[in-house]
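Some notes on the structure that comes next.
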Amino acid sequence: MDAIGERIAALNERVRRLRADDLYFYQLPSSAVDGPWVTVNGRRMLMMASYSYLGLIGHPDIAKAARDAIDCYGTGTHGVRMLAGTLTIHRELEETIARFKNTEDAVAYSSGYVTNLSVISTLVGRGDAVISDKINHASIVDGCLLSRAGFIRFRHNDMTDLQRALVKAGAAAKLVVVDAVFSMDGDVINLPEVVRLCRQHGAWLMVDEAHALGVLGRTGRGIEEHFGLPPDAIDIKMGTLSKTIPSVGGYVAGRKDLITFLRNTSRAYVFSAALPPASAAAAKAAFDVIERETWRVEKLQHAGDLFLRGLRSLGFDTLNSETAIVPLVVGEDDRAFLMTRLCHHADVFALPVVSPAVPAGLARLRTTVTAAHEPQHLERALAVFEKAGREAGVI
Ligand SMILES: *Cc1c(COP(=O)(O)O)cnc(C)c1O
């Protein structure tokens, strides 16, 4: 067998063995959302792995906006945004994002992944330097590699090491990229210090708010609100429309000249189809709901505190999480799979994250809380995690 064939066979063997041992929990189709409940294989399970942080999937106003957009525009567009694909609903969405993020303008792309890939590789190239936190999301890493700029990584949330990286980059044009909330650990970047260092070293700053939008800050506006920083602290404010915002797509918000530059040069905007109108309308309506139903952000933050405190008092290692993403570190990969099986058999839906997505020995159950969880749901989840954690020898 050739090398490609061997790779495929090895992966298939790993999946086959996990399935045979009832330890494969990825890609399970669910149907029907009902608050924090989902139906999987005919069983009603408590969802503890959703990115729908404010519980907006199925919100009647958002669903109606999507239906109305189909009635008005149909289901597709006339092509790429640069040419005939731009619709009035795209501009309305972008104006809404810019207002929400307190910037002059914003541009939407067809996914968060594509946004990072395209924006990073448009802004920097050969001879420049791109500086990235070691555990940044894969889409940031891929954007950095695609750009062909010098790729410098610094130790996770380590400001001394970031300073070293900035010095090492020397006179090159510099772009620093960080997650606001780290998607595997649930901790928050030390943004005030990152901003200070970027200014000191003349570097541009891009922040990915995939898990911060609607989560951080008193009104869910994100990481500047969380730290009380001015709206111009971040040059390039990136986020997705697929997590808190129950649609699909990604965006960048920033100064008007930056957005004009991206609209005319970033390849995903110039060469890939526009967001479908229903998705754009749903996303716009979701921002409006967040502004109107302010209780959602409060409820999420309260639920997060309650859940974290509960897990820590049971003796779980939740790293430095202070957000809606809560890792339960269990150690080796096998133990994460076993712990997941125990939870699923008790109708709690959580998922294991294992190497290489996280370092070996730091496998975890990665859980999330949302505004759809009431205190009694979280108590139930805690009871199941406690029992499973004891049986698996984690606590
Ligand atoms: C999910 C995610 C993305 C990608 O967003 P999609 O809209 O799902 O493509 C980018 N960055 C981070 C940190 C994410 O968690």
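Just so you know, ligand 1 is whichever comes first in the structure, and atom 1 is the first atom listed for that ligand.
- Closest protein heavy atom to atom 9 (O) of ligand 1: Y113 N, 2.8 Å.
- Remark: distances from the non-hydrogen atoms of G250 to ligand 1 are all 4.0 Å or more.
- Annotation for A350 and H344: closest pair O-NE2, 2.9 Å, computed over non-hydrogen atoms.
- Residue G112 has at least one nitrogen or oxygen atom sitting less than 3.5 Å from a nitrogen or oxygen atom of ligand 1, judged on distance alone.
- With hydrogens and angles left out, the side-chain atoms of D142 and Y113 include a donor and acceptor closer than 3.5 Å.
- For a threshold of 3.5 Å applied to N or O pairs, the pair formed by H211 and ligand 1 contains at least one separation below that value.
- In the model, Q200 has a side-chain atom that pairs as donor or acceptor with a side-chain atom of R196 under 3.5 Å.
- Heavy atoms of A138 come nearer than 4.0 angstrom to ligand 1 in no pair at all.
- Atom-to-atom distance recorded for K101:NZ and I223:CD1 is 8.5 Å, nearest 0.5 angstrom.
- Of the protein's heavy atoms, S242 OG, 3.4 Å lies nearest to atom 8 (O) of ligand 1.
- At the top of the distance list for atom 14 (C) of ligand 1, counting protein heavy atoms only, stands K243 NZ, 2.8 Å.
- The aromatic rings of Y53 and Y51 sit tilted, their planes meeting at an angle between 30° and 60°.
- In terms of protein heavy atoms, atom 11 (N) of ligand 1 is closest to D208 OD2, 2.6 Å.
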